[in-house]
Number of protein chains: 2
Amino acid sequence: HRQVSRKSMDWRTMPQSAHSRNTVNPVRKIADACQVTPNPNKRLLKLHLGDPSVGGMLPPSPVAVQAMHEAVDSHAFDGYGPAVGDLAARQAVVDRYSVPSASFTADDVILASGCSHALQMAIEAIAGPGDSILVPHPGFPLYSTLCRPHGIVDRAYHITMTDGVRIDLNYLESLIDETTKAIIVNNPGNPTGAVFTKEHLQEILRVAHKHRLVIIADEIYGDLVYNGAEFHPIATLSPKVPVLTCDGIAKRWMVPGWRLGWVIVHDRYKVLSQIKLGMVALSQKIVGPCALVQGALPKILKDTPEEYFVYTRNVIQENANAIAEVLEVVPGLTAIKPQGAMYMMIGVDKATYGDDVGFCQALIREESVFCLPGQAFSAPGYFRIVLTSNLAEMREAAERIRDYCLRHIGECRSEDSSDEG
Amino acid sequence: HRQVSRKSMDWRTMPQSAHSRNTVNPVRKIADACQVTPNPNKRLLKLHLGDPSVGGMLPPSPVAVQAMHEAVDSHAFDGYGPAVGDLAARQAVVDRYSVPSASFTADDVILASGCSHALQMAIEAIAGPGDSILVPHPGFPLYSTLCRPHGIVDRAYHITMTDGVRIDLNYLESLIDETTKAIIVNNPGNPTGAVFTKEHLQEILRVAHKHRLVIIADEIYGDLVYNGAEFHPIATLSPKVPVLTCDGIAKRWMVPGWRLGWVIVHDRYKVLSQIKLGMVALSQKIVGPCALVQGALPKILKDTPEEYFVYTRNVIQENANAIAEVLEVVPGLTAIKPQGAMYMMIGVDKATYGDDVGFCQALIREESVFCLPGQAFSAPGYFRIVLTSNLAEMREAAERIRDYCLRHIGECRSEDSSDEG
Ligand SMILES: Cc1ncc(COP(=O)(O)O)c(C=O)c1O
Ligand SMILES: Cc1ncc(COP(=O)(O)O)c(C=O)c1O
């Protein structure tokens, strides 16, 4: 190695790696833009965080709490477990989710530090520099955050928001080329609140099958559906394609802070053996999620009573419908009635109220109501309401939004009209 | 985008990404080689796992257990916290480790999913393809596992094992060139059991300072020192250089399964602002370690009584010295008396007993004693004993190793002599 003396140099600011520089969470910039001062005369109503533990309405089940205490007291989970996860915990995922139309074994499950980490391992094992992965817009921005530092191209397909929320499959298909490695399908959807029908999921599968593409299924909102919707795990439907299902306990067991997720490898046509090896290797970097939570997982998945989930669905359905009722009458707002997950999108007519970022800033400033602008999820012209607070608070938020709109209706029309297409 | 029809293709095995293919844990291959059948007539003695929770001698403190129960019951840690970690937990790291000679604030602490993840964030923020990082041989193999998938060159410096375990600094300096971004210094050392003197640490700092290099200090074994050694956090010594200290609760609080670690950014000369931003960005990929353990951290760091650590040191010191006593008399074995961490290295004369992998395989086959060959840690010609079992078991293991040696002494000499240099 060539020796260089750096003696004469001063210490200089070290540049960060391109990898970390390209690790960008687009929500952050937009959340920063929303750091405006709320109206001091109105109580804060925070409907911007996708964290069900915040509102107090959706605490974890006593079963989960008890399972954690038992895991701690057992002292069986103080030490290192396998990097892919404890066998009993992986078996618990099998026991809950393996069905004849999509069967798998503990060997096909890799535990992760949240669904985020599950997605990270799946993406990193499948693709590299110059490869592309199709991601939903509107959609959860983490997919892009995870792709870009590796030089993986996150190519956006469109989810149409009007006349039934669905993927524009013609456009999606036009994005596929020889660099394309996978399609990420998030159902039920964040931020859309949409639940794809069985038929639509089958259409998606047909495209994936035609192009021999694996699907990365983000099903973190799993069967959290309501208003008459049905949830179908995409791996259970036909035509069969290889599927990596990413999931976790954050959003139905309401413990996102516990950081436990998993990938299920549905290895159709025996094409995923290398990908599985890749994920196993990647899991060694951080040696598995918290072993205590792994120890609690079997009880959590087995013993949480069905009423717990029924209650959750009812809370969210009631909130969604109450908000829709209040906002229905407001000109220039279009509530997209959700059927799943814990979010609702409201379209904001730009000519009437300006763009979604300005709209959300004004809601904070005048009404102390916090929502995230659609731009945080590649959905300009919408804002997202989180549906996990109590009904009275949800209703008050909706009424304040309504009042804001009725006060300002049309103010933007004259200023902005020259900008409109 | 160009459209390609893949209709005519069959499904083919998907290749894994180069990134995951290059994520290799060298211990695995060697551990696999050691999957030989033990002697059925002898009780298994497992001295190969660096997991203090295994032997039963070193359970976590009741304080840590109580802290976890409280965190669960508080329900303050069910939801998402900041990706860099809960402020109170980061402040607890400050309260315990910030000293005038190496002071820092909560803003300089990033929590991680174990020290492994802390190292991952530090390495990934500092270096990229074509950069080099200096890593210790013998040393913990994860450093290389974390570097290589990014095309970061892990350039090995030598730790001499005889006449006082120390870094060969002339050789280390010869490895430095314009690609070099950092030196990883692990003290106390795995697998060496060595604790560097203050003077030696100052020599290391002088080299880093001369070449304007940041030090990544792996101090996971922190003040777990004995046999008269003193531990000096390298960031507290002079000359000052920028230091990223990686640490966690795995090895002194004896809960590696709980997966909590941290990086402390000692930003001397204000050169690490970009690196810190990089680590903050990287922490968003998995949104922080388990929030429950973060919730428990302040109590764990504040309230664990000093006797807990004194007890640990005594257990390990007694074990180390008992083993040394038994093996001292065995020709062709050289016990390197440890002063820190929980490991002991024993040199194996190749002409007398063959290489370390074959030696460890034979110990399992004939004596049911499990140790890891030095090759797992880039230390051929040694094997590593983990010092966390009870004294009787440690002594029995040493006696079986002695008996094995006395039975086989010299058998390899004739066969192997032609290979020797
Ligand atoms: C669609 C989607 N996937 C994944 C996640 C991340 O889940 P986890 O907290 O388990 O990492 C979220 C969190 O908001 C999400 O909305
Ligand atoms: C030197 C060294 N650093 C880091 C680690 C990893 O620690 P953690 O379990 O906190 O990831 C180990 C574990 O054996 C180690 O020996």
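Quick note on labels: first sequence line is chain A, next is B, and so on, each numbered from 1.
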* Structure fact -> In terms of heavy-atom pairs under 4.5 Å with chain B, the winner among A:Ser116, A:Cys115, A:Gly278, A:Pro256 is A:Pro256

* To do: Quick one: pull up NE2 in B:His19 and CD1 in A:Ile126 and give me the separation to the nearest 0.5 Å.
  => 14.0 Å

* **Side-chain heavy atoms of A:Arg259 within contact of B:Leu292, under 4.5 Å** => no

* Who among A:Met254, A:Met279, A:Arg21, A:Met68 has the most heavy-atom pairs with chain B under 4.5 Å? -> A:Met68

* **Flag, side chain of B:Ser17 to backbone of A:Glu124, donor-acceptor distance under 3.5 Å** => yes

* Select, from A:Ala291, A:Pro60, A:Gly79, the one with the greatest count of heavy-atom pairs under 4.5 Å involving chain B. => A:Gly79

* To do: Using non-hydrogen atoms and a 4.5 Å limit, figure out which bit of A:Val287 sits close to chain B: side chain, backbone, both or neither.
  => both

* Where does A:Met14 contact chain B at under 4.5 Å (heavy atoms): side chain, backbone, both or neither? -> both

* Which atoms of B:Lys270 come close to chain A, meaning under 4.5 Å heavy atom to heavy atom: side chain ones, backbone ones, both, or neither? -> backbone

* Asked: Under 4.5 Å between any side-chain heavy atoms of A:Val72 and B:Val65, yes or no?
  -> yes

* Decide yes or no for B:Gln16 and A:Leu277: does some side-chain heavy atom of the first lie under 4.5 Å from some side-chain heavy atom of the second? => yes

* Side chain, backbone, both or neither: which part of B:His209 has a heavy atom under 4.5 Å from chain A? -> both

* To do: Look only at the side chain of B:Asp78 and the backbone of A:Ser53, and say whether a donor-acceptor pair between them is shorter than 3.5 Å.
  => no

* To do: Select one option (side chain, backbone, both, neither) describing which atoms of A:Ala125 are under 4.5 Å from chain B's heavy atoms.
  => both

* Measure distances from B:His75 to the heavy atoms of chain A and classify the residue's part below 4.5 Å as side chain, backbone, both or neither. => side chain

* Structure fact -> Honestly, the part of A:Pro149 sitting under 4.5 Å from a heavy atom of chain B is side chain

* Structure fact -> Turns out that what part of A:Ala250 lies under 4.5 Å from chain B's heavy atoms comes down to side chain

* Which one of A:Lys285, A:Lys276, A:Arg268 has the most heavy-atom pairs closer than 4.5 Å to chain B? -> A:Lys285

* **Distance (rounded to the nearest 0.5 Å) between A:Leu282 CG and B:Thr145 OG1** => 11.5 Å

* Asked: Taking every heavy-atom pair that is under 4.5 Å apart, which of A:Leu146, A:Ile275, A:Val293 has the most such pairs with chain B?
  -> A:Ile275

* Asked: Counting only heavy atoms not in B:Lys46, do more than 12 fall under 6.0 Å of its NZ?
  -> no

* Please flag which part of B:Pro52 lies under 4.5 Å from any non-hydrogen atom of chain A: side chain, backbone, both or neither. => neither

* Evaluate the side-chain contact (heavy atoms from CB on, under 4.5 Å) criterion for residues B:Val24 and A:Gln284: first the C-alpha distance (whole Å), next the side-chain angles of each, then the deciding distance (0.1 Å), finally the verdict. => CA-CA 9 Å; B:Val24 178; A:Gln284 294 170 20; over 6 Å; no

* To do: Check for a donor-acceptor pair, side chain of A:Ser113 on one end and backbone N or O of B:Ile286 on the other, with a separation under 3.5 Å.
  => no

* Asked: Atom OH of B:Tyr269 and atom CG of A:Asp10: how far apart are they, to the nearest 0.5 Å?
  -> 10.0 Å

* Please look at B:Gln120 and chain A and tell me whether the side chain, the backbone, both or neither of the residue comes under 4.5 angstrom of a heavy atom of that chain. => side chain

* Structure fact -> With chain A, the option among B:His150, B:His117, B:His69 that has the most non-hydrogen atom pairs under 4.5 Å is B:His69

* To do: Go through the steps for A:Val241 and B:Trp11 under the test side-chain contact (heavy atoms from CB on, under 4.5 Å), then give the verdict.
  => CA-CA 9 Å; A:Val241 305; B:Trp11 286 93; 4.1 Å; yes

* Checking heavy atoms, do the side chain of A:Phe77, its backbone, both or neither come under 4.5 Å from chain B? -> backbone

